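Keep in mind it's a predicted model, so treat the numbers as computed, not measured.
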Number of protein chains: 2
Amino acid sequence: MKGLGELERTIMDILWAQNSPLTAREVGRLIEDRDLAPTTVMTVLDRLSRKGFLDRTRDGRAWRYQPAASRDAYVAELMLEALDMTGDRDAALTRFARAVSGSEAEILRKALTELEEQ
Amino acid sequence: MKGLGELERTIMDILWAQNSPLTAREVGRLIEDRDLAPTTVMTVLDRLSRKGFLDRTRDGRAWRYQPAASRDAYVAELMLEALDMTGDRDAALTRFARAVSGSEAEILRKALTELEEQ
DNA sequence: TCACCTCTCTACAGCTCGTAGTACTACTAC
DNA sequence: GTAGTAGTACTACGAGCTGTAGAGAGGTGA
């Protein structure tokens with residue numbers, strides 16, 4: 001998996017926040033601060049779908065884009081990828097566990113407990 | 001934090017595997033498959049220390065390089081950074097917990113238990 | 001028919017990374 | 001003391017990625 005650029009991530013964030021597929025125009029309208037040319041948005045959407053981050057379906061002449069995976073899945077995959085980098089996964093995991101905040105440790109613990117019960 | 005290129009990571013791996021600081025020449029000797037010019041290695045070491053991944057100290061006229069942080073710390077930081085990307089950390093953590101293998105879940109559980117006990 | 005929307009293709013500049021040459025300085029062995 | 005070696009700093013260049021957008025073509029509604 002590759003990382004994303006800033007604009008790419010802005011656009012992914014918009015699409016992740018939505019629960020229905022959007023057209024390039026709609027995405028463009030939701031990017032506020034920047035005044036981007038419509039083709040810019042289209043180009044980035046196109047690149048994102050080429051990279052597999054977005055799926056797109058026809059809607060008349062336009063494409064409608066939606067995330068290929070949830071943000072959580074993406075984040076979890078990034079985390080696993082980072083973990084794959086190390087020779088010593090245990091040490092990295094231990095360190096990670098120590099670094100998350102208390103409430104997050106709680107979440108992890110819960111998820112792990114549920115795992116165990118299955 | 002930024003990602004690392006391929007050669008950069010190869011070099012970091014070499015230095016992480018070492019327990020004493022190395023000179024550019026020594027690092028170069030440890031990169032086998034590729035036949036790199038000495039200056040190439042020096043350039044990359046220089047860039048890595050600029051980026052904060054390496055510390056360097058003088059040894060005569062040469063520099064000796066060593067990782068600024070352990071690989072585990074680096075990996076854990078990457079994981080936290082990924083986690084920061086999401087709006088819903090809990091969901092991402094839960095998904096992550098479900099994705100790690102059984103033995104790793106065990107490690108995590110243990111680390112979290114130790115945390116709790118402190 | 002004209003204005004507009006949307007698409008695809010192409011382009012370009014800035015940055016990062018792999019790769020290395022050049023020019024200079026200091027040590028080492030004859 | 002001179003030639004080779006090792007090391008540094010500086011500079012460079014091409015490839016690939018990303019942000020940005022224009023040009024051109026083909027529909028579509030007024």
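- The main-chain N or O of Asp55(B) is never found under 3.5 Å from a side-chain atom of Trp63(B) such that the two would form a donor-acceptor pair.
- At whole-Å resolution of the value, CE in Met12(B) and C1' in dG18(C) are 17 Å apart.
- For Arg61(A) against dC5(C), a side-chain-to-base donor-acceptor contact under 3.5 Å is present.
- At the heavy-atom level, Thr23(A) lies nowhere under 4.0 Å from the strands shown.
- The side chain of Ala37(B) lies closest to dA20(C) when the candidates are dT20(D), dT18(D), dA20(C).
- For a distance-only test at 3.5 Å, the side chain of Arg64(B) fails to qualify as a donor-acceptor partner of the base of dT8(D).
- Remark: Arg34(A) is not in phosphate contact with dG19(D), judged by side-chain N or O atoms under 4.0 Å from OP1 or OP2.
- Not a single donor-acceptor pair, N or O on each side, falls under 3.5 Å between the base of dG7(D) and the side chain of Arg58(B).
- Taking only distance into account, the side chain of Thr39(A) never meets the base of dA23(D) through a donor-acceptor pair shorter than 3.5 Å.
- In this structure, Leu48(B) atom CG and dG18(C) atom C1' are separated by 12 Å, rounded to whole Å.
- The side chain of Arg25(B) lies closest to dG7(D), out of dG7(D), dT20(D), dC7(C).
- Taking atom CD on Glu6(B) and atom P on dT16(C), their separation rounds to 19 Å, with Å as the unit.
- With hydrogens and angles ignored, a donor-acceptor pair under 3.5 angstrom links the side chain of Arg47(A) to the base of dT20(D).
- Nucleotide dG21(C) holds its P atom 18 Å from the CG atom of Asp46(B), rounded to whole Å.
- The separation between Leu4(B) atom CG and dG16(D) atom P is 20 Å, rounded to whole Å.
- Comparing atom distances between the Ala62(B) side chain and each of dC17(C), dA9(D), dG7(D) picks out dG7(D) as nearest.
- In this entry the distance linking CG of Leu45(B) with P of dT19(C) reads 13 Å, nearest Å.
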Side chain to side chain contact (heavy atoms under 4.5 Å, CB included) evaluation trace for Arg71(B) with Asp13(B): CA-CA 8 Å; Arg71(B) 174 148 58 176; Asp13(B) 279 339; 2.6 Å; yes

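- Each of Arg47(B), Arg50(B), Lys51(B) was scored for a salt bridge (charged side-chain N to carboxylate O under 4.0 Å, His left out) with Glu8(B), with one residue passing: Lys51(B).
- Atom CG in Leu7(B) sits roughly 5 Å away from atom P in dG18(C) (whole-Å rounding).
- Separating the CG atom of Leu36(B) from the C1' atom of dC17(C) is a distance of 13 Å, rounded to the nearest angstrom.
- Put simply, the side chain of Arg64(B) gets close to the backbone of Pro21(B): a donor and an acceptor are under 3.5 Å apart.
- Counting atom types as modelled, Thr40(B) pairs no side-chain N or O with a base atom of dG18(C) as donor and acceptor under 3.5 Å.
- Taking side-chain N and O atoms only, Lys51(A) has no distance below 4.0 Å to OP1 or OP2 of dC17(D).
- Between Arg109(B) and Glu106(B) there is a salt bridge, since a side-chain N of the basic residue sits under 4.0 Å from a carboxylate O of the acidic one.
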